[in-house]
J.: 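Below is one structure. I have some questions about it.
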Amino acid sequence: MASMTFGQKSFTPSPPQKGSFPLDHQNECKRFMLKYMLCLRENKSENSLCRDESRNYLECRMEKGLMAKEEWTKLGFSDASEPKTT
Amino acid sequence: MSEGTKSTLYYIAALGVLAFGLSYAAVPLYRIFCQAYSYGGTTQQGHNAEKVEDMKTVTDRVIRVRFNADTAASMTWNFRPQQSEIKLHPGETALAFYTAKNPMDRPVIGISTYNVVPFDAGQYFNKIQCFCFEEQMLNPHEEVHMPVFFYIDPEFVDDPKMQNVDMLTLSYTFFEAREGLQLPMPQFAR
C-alpha cells in the first residue's frame, strides 16, 4: 500500500493460491451463480447452507475449462460425492 | 605498543566488524522471522492445498464478511459486489461474486487489487482463487461475473486479538491497465 503511516500495521495483499479465475466471457456458468445467489438470499447469507450451490458452480467451471480440475477435498468440500481428479 | 594493547585492539576491531556484519544480516533475517511468525501483518507464505484438505471448520464462531467494490477515478467499469455480506465459519471455504460491466464501445483491460480490514485479521484471509492482480479484459458492453473463492484460517480463533472480531470487509479496487501505469501493487504481481 502506498500510504503507510509509520509505526502502524498495514495490510499486505497476498497472491491467490491457485491464481486467477479466467473470465467467463460466455457466461456459461451464470445459471449456477444465480442459483447460489438465490440460496444466499433465502438463507440470510449463510454460507454453510449454500455449499452445494457453490460446489455446483465450481463444477460448472471445471467442466467448461474455466478452472483447473481439483479434488473436492482440496477445495474444502469434504462431503462431496464424486471427487474429480486433475 | 605492548602485546596486550595490540591484542585488545584486534579484539575491539573484530567486534566492530562483527557488529557491522550483523546489522547487514539483520535485514533478511528479520524478514524471515516476520514471515514465519506473521508479525506486523505480513502474511504467511506457504498456504497450500494440503492445508485446505486438513482444515477443520470451527462451528462456534460466525464471521461476517462484507464486500466492497471500488474503481479508480478514471476507470469506467461498473463494478459491484453481488452480495453485501456472507456469514461463514473459520475453516469453511466460501464463494463470493462481483460483477463488472464495460459500458464503453472499446475493450477495456482492468487490473485489480484488494484489501481486508481490520488489518490484523487480514493475515487469516486466504484466497484460493480470485480475479486479482492479473489483467482482465472486457469487450465493449460486456458484463461478466467474477468469483472469489476464499476461506478464513481456523487459527483465527486462537488469536486473542481476534476475540471480538466478527466482521471482516473485503474490498476490491479495479484500475485500468495502461502502459506505464504505476499501481500500488505488491512485489509478486506481474
Side-chain angles (χ1 to χ4, degrees), chain A residues 1-5 7-34 36-41 43-51 53-58 60-61 66-68 70-79 86, chain B residues 40-45 47-50 52-53 55 57 59 62 64-65 82-89 91-95 97 113-117 119-120 122-123 125-134 136-139 142-151 184-186 188-189:
Chain A
M1 303 296 282
S3 54
M4 293 221 278
T5 316
Q8 279 198 0
K9 293 191 182 114
S10 65
F11 176 74
T12 312
S14 61
Q17 282 174 17
K18 295 199 186 314
S20 184
F21 274 123
L23 284 189
D24 185 5
H25 286 281
Q26 322 291 338
N27 280 324
E28 291 169 279
C29 295
K30 190 167 179 175
R31 245 182 51 229
F32 295 97
M33 179 204 71
L34 292 172
Y36 177 69
M37 287 288 113
L38 222 69
C39 172
L40 280 185
R41 241 156 252 175
N43 289 302
K44 299 204 208 55
S45 307
E46 286 225 24
N47 177 53
S48 358
L49 303 171
C50 294
R51 309 229 55 218
E53 278 79 2
S54 59
R55 192 175 61 222
N56 289 339
Y57 176 78
L58 294 174
C60 168
R61 273 209 165 233
L66 295 169
M67 180 176 175
E70 190 72 68
E71 287 187 27
W72 290 120
T73 47
K74 292 212 162 59
L75 297 174
F77 294 100
S78 54
D79 48 358
T86 326
Chain B
T42 50
T43 50
Q44 296 251 16
Q45 305 299 328
H47 279 133
N48 51 24
E50 278 67 45
V52 177
E53 210 167 355
M55 201 162 63
T57 307
T59 44
V62 176
R64 280 166 53 210
V65 180
Q82 284 288 87
Q83 66 286 305
S84 57
E85 67 173 21
I86 286 183
K87 295 200 265 260
L88 69 148
H89 303 293
E92 194 174 66
T93 52
L95 194 58
F97 286 96
T113 184
Y114 77 99
N115 191 10
V116 176
V117 286
F119 291 149
D120 284 340
Q123 60 182 303
F125 186 86
N126 299 113
K127 295 180 319 303
I128 297 176
Q129 206 159 358
C130 69
F131 53 88
C132 42
F133 308 130
E134 283 199 17
Q136 311 283 0
M137 186 181 83
L138 282 188
N139 291 315
E142 184 178 11
E143 180 174 39
V144 284
H145 46 91
M146 295 170 163
V148 181
F149 193 46
F150 66 95
Y151 65 92
M185 300 280 272
F188 49 76

J.: Just by distance, do the side chain of A/N47 and the backbone of B/T93 share a donor-acceptor pair under 3.5 Å?
T.: yes

J.: Nearest 0.5 Å, please: how far is CD in A/E46 from CG in B/L88?
T.: 10.0 Å

J.: Taking all non-hydrogen atoms of both residues into account, name the closest pair between B/V144 and A/H25 and its distance.
T.: CG1-CA, 4.0 Å

J.: Would you mind checking which part of A/L75 comes under 4.5 Å of any heavy atom in chain B, side chain (CB onward), backbone (N, CA, C, O), both or neither?
T.: both

J.: I'd like to know if the side chain of A/Y36 reaches the main chain of B/L95, judged simply by a donor and an acceptor atom lying under 3.5 Å from each other, with no hydrogens or angles considered.
T.: yes

J.: Can you tell me which portion of B/E142 sits under 4.5 Å from chain A's heavy atoms? Options are side chain, backbone, both or neither.
T.: side chain

J.: Measuring from atom SG of A/C50 to atom NZ of B/K87, what distance do you get when rounded to the nearest 0.5 angstrom?
T.: 11.5 Å

J.: Please identify, among B/Q136, B/E143, B/M146, the residue contributing the most non-hydrogen atom pairs under 4.5 Å to chain A.
T.: B/Q136

J.: Run A/S48 and B/H89 through side chain to side chain contact (heavy atoms under 4.5 Å, CB included) and show every step you take.
T.: CA-CA 8 Å; A/S48 358; B/H89 303 293; 3.7 Å; yes

J.: So for A/M37, is it side chain, backbone, both, or neither that comes closer than 4.5 Å to the heavy atoms of chain B?
T.: side chain

J.: Once you round to the nearest 0.5 Å, how far does CZ of A/R41 lie from CD of B/Q83?
T.: 8.5 Å

J.: Of the non-hydrogen atoms in B/Q129 and A/S20, which two are nearest, and what is the gap between them?
T.: NE2-O, 3.5 Å

J.: About how many Å separate NZ of A/K74 and CD1 of B/I128, when rounded to the nearest 0.5 Å?
T.: 12.0 Å

J.: Could you tell me which residues satisfy ring pair (Phe, Tyr, Trp, His ring centres under 6.0 Å) with B/F131, sequence neighbours excluded, listed by chain and number?
T.: B/Y98, B/Y172, B/F174

J.: Nearest heavy-atom pair of A/L23 and B/M137: which atoms, and what distance?
T.: CD1-O, 3.5 Å

J.: Could you grab the distance from atom SG of A/C29 to atom NE2 of B/H145, nearest 0.5 Å is fine?
T.: 6.5 Å

J.: Under 4.5 Å heavy-atom distance to chain A, tell me which part of B/F149 shows up: side chain, backbone, both or neither.
T.: both

